[in-house]
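Everything below concerns the one structure shown next.
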Amino acid sequence: MKKKILALGITMCMAASLAACGGSSSETASEAGTTTAEAKTEAASQSEAEDKGEEASAPEETAAAELQTVAAGKLTVATSPDFAPYEFYAIGEDGTPALAGFDMALAQYIADDLGLELEVVTVDFDGVLSELQTKSVDLGMAGLSPDPKREGIMDFSDLYYIGGQSLVTVKANADTYNSFESINKPEVSVGAQIGSIQMDLATANSPDADIVALPKVTDIIAELLAGKMDAAYIETDVAKSYQKNYPELEIIMEVPYDQEGSAIGVCKGNEGLLAAVNASIAKAIEDGSMEKFIAEANELASGEKYEGLLDGNGQVQQ
Ligand code: ARG
């Protein structure tokens with residue numbers, strides 16, 4: 001199922017007062033009734049930046065005019081929001097799930113920086129890969145590992161985040177499943193997300209296990225918690241994030257993988273967009289925004305504000 005989330009800026013400001021909603025969306029923040037000190041500071045620093053620079057606004061306009069995107073004036077980004085703190089649903093006070101996470105904050109930052117309107121398309125992770133392959137979107141932002149096997153269907157930006165890989169089980173099984181050997185048996189079910197590099201890690205490290213491929217990481221977490229799955233390969237920071245809400249989860253060990261870090265998947269051959277995205281990433285890292293997005297996403301993805309699991313209809317699972 002494919003859902004288009006329009007006006008992401010508004011949703012995000014309402015859900016999280018994420019500082020990603022700077023610039024023009026600081027108005028959105030006040031419209032949405034969330035004119036916090038943070039939003040005001042954002043607005044102030046934004047206009048300061050504008051004051052300082054002819055440089056600040058002029059290149060943005062030029063960039064937007066020159067950039068080729070699938071929909072004129074828009075930056076269309078595919079994501080798979082089952083991956084806290086990268087991208088996930090934050091549950092608002094009224095119970096409504098809204099997209100959040102540092103990939104989403106970075107997406108908004110890049111769109112603002114390039115003078116484009118952000119449009120996010122939510123699909124399962126294998127859908128992010130196929131949206132890029134069919135050139136239906138401009139970018140894939142989903143904690144994507146720059147796996148050389150994917151180079152035929154997308155270009156990769158520079159890395160914007162460094163993470164690692166883990167093998168995960170539940171506390172009750174932590175003594176039984178404590179090594180690759182203990183897991184590599186036909187009677188042991190080992191999960192990984194369809195299309196992900198974790199699936200490669202599962203086949204490489206647990207070839208004799210019963211490997212279970214599921215479309216969403218949240219499905220994998222749910223199966224582990226329900227005792228229907230014994231272990232799973234999950235990105236370390238994602239496992240740690242879900243562990244905050246579901247302390248029964250246990251990280252068995254780190255799993256070696258040689259493509260550490262996340263990059264943005266860019267529609268293949270769009271050199272101009274790739275260069276612009278890399279410039280925006282460098283700027284977000286340099287001006288401290290990236291660090292802020294990560295801290296905010298981690299904060300939001302923990303505690304009672306966040307439920308994390310949605311049922312098949314996209315409703316919050318209780
Ligand atoms: N880093 C892994 C990969 O590129 C997993 C990414 C999964 N992302 C997600 N949003 N579920 O294959």
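Hydrogens, waters and symmetry mates are skipped; everything else that's a heavy atom, side chains included, is used. Numbering of ligands and ligand atoms starts at 1, following listing order.
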More than 12 non-hydrogen atoms from neighbouring residues, nucleotides or ligands closer than 6.0 Å to CD on Glu187, yes or no?
yes
Other residues, nucleotides, ligands: >12 heavy atoms within 6.0 Å of Glu248 CD
yes
State which residue, out of Tyr86, Tyr89, Phe88, fulfils the side chain to side chain contact (heavy atoms under 4.5 Å, CB included) condition with Pro81.
Tyr89
For a quick check under 3.5 Å, do Ser206 and Tyr233 share a side-chain donor-acceptor pair by atom type?
yes
Asp147-Ser145 side chain donor-acceptor pair, cut-off 3.5 Å
no
Any heavy-atom pair between the side chains of [Y] and [X] that's under 4.5 Å?
X: Ile234; Y: Ile221; value: yes
X: Leu214; Y: Asp82; value: no
X: Phe156; Y: Arg150; value: yes

For Lys216 and ligand 1, answer yes if some heavy atom of the residue is under 4.0 Å from a ligand atom, otherwise no.
no
Strictly under 4.0 Å, does any heavy atom of Tyr86 approach an atom of ligand 1?
no
For atom 8 (N) of ligand 1, which of the options Ala78, Pro81, Ala142 provides the nearest non-hydrogen atom?
Ala142
Distance under 4.0 Å to a non-hydrogen atom of [X]: what atoms of ligand 1 satisfy this?
X: Ser145; value: 1 (N), 2 (C), 3 (C), 4 (O)
X: Ile197; value: 2 (C), 3 (C), 12 (O)
X: Glu235; value: 1 (N), 2 (C), 5 (C)
X: Leu144; value: 4 (O)

Is any N or O atom of Gly143, backbone or side chain, closer than 3.5 Å to an N or O atom of ligand 1?
yes
So, is Ser80 polar-close to ligand 1, with some N/O to N/O distance under 3.5 Å?
yes
Report the part of [X] in contact with ligand 1, treating N, CA, C, O as backbone and CB onward as side chain, heavy atoms under 4.0 Å; options are side chain, backbone, both, neither.
X: Arg150; value: side chain
X: Gln193; value: side chain
X: Asp82; value: side chain

If you scan protein heavy atoms around atom 5 (C) of ligand 1, the nearest is Gln198 OE1, 3.2 Å
Which residue and atom name correspond to the protein heavy atom nearest atom 9 (C) of ligand 1, and how close is it?
Phe83 CG, 3.3 Å
Look at the side chain of Asn178 and the backbone N and O of Ala174, then say whether any donor-acceptor pair between them is shorter than 3.5 Å.
no
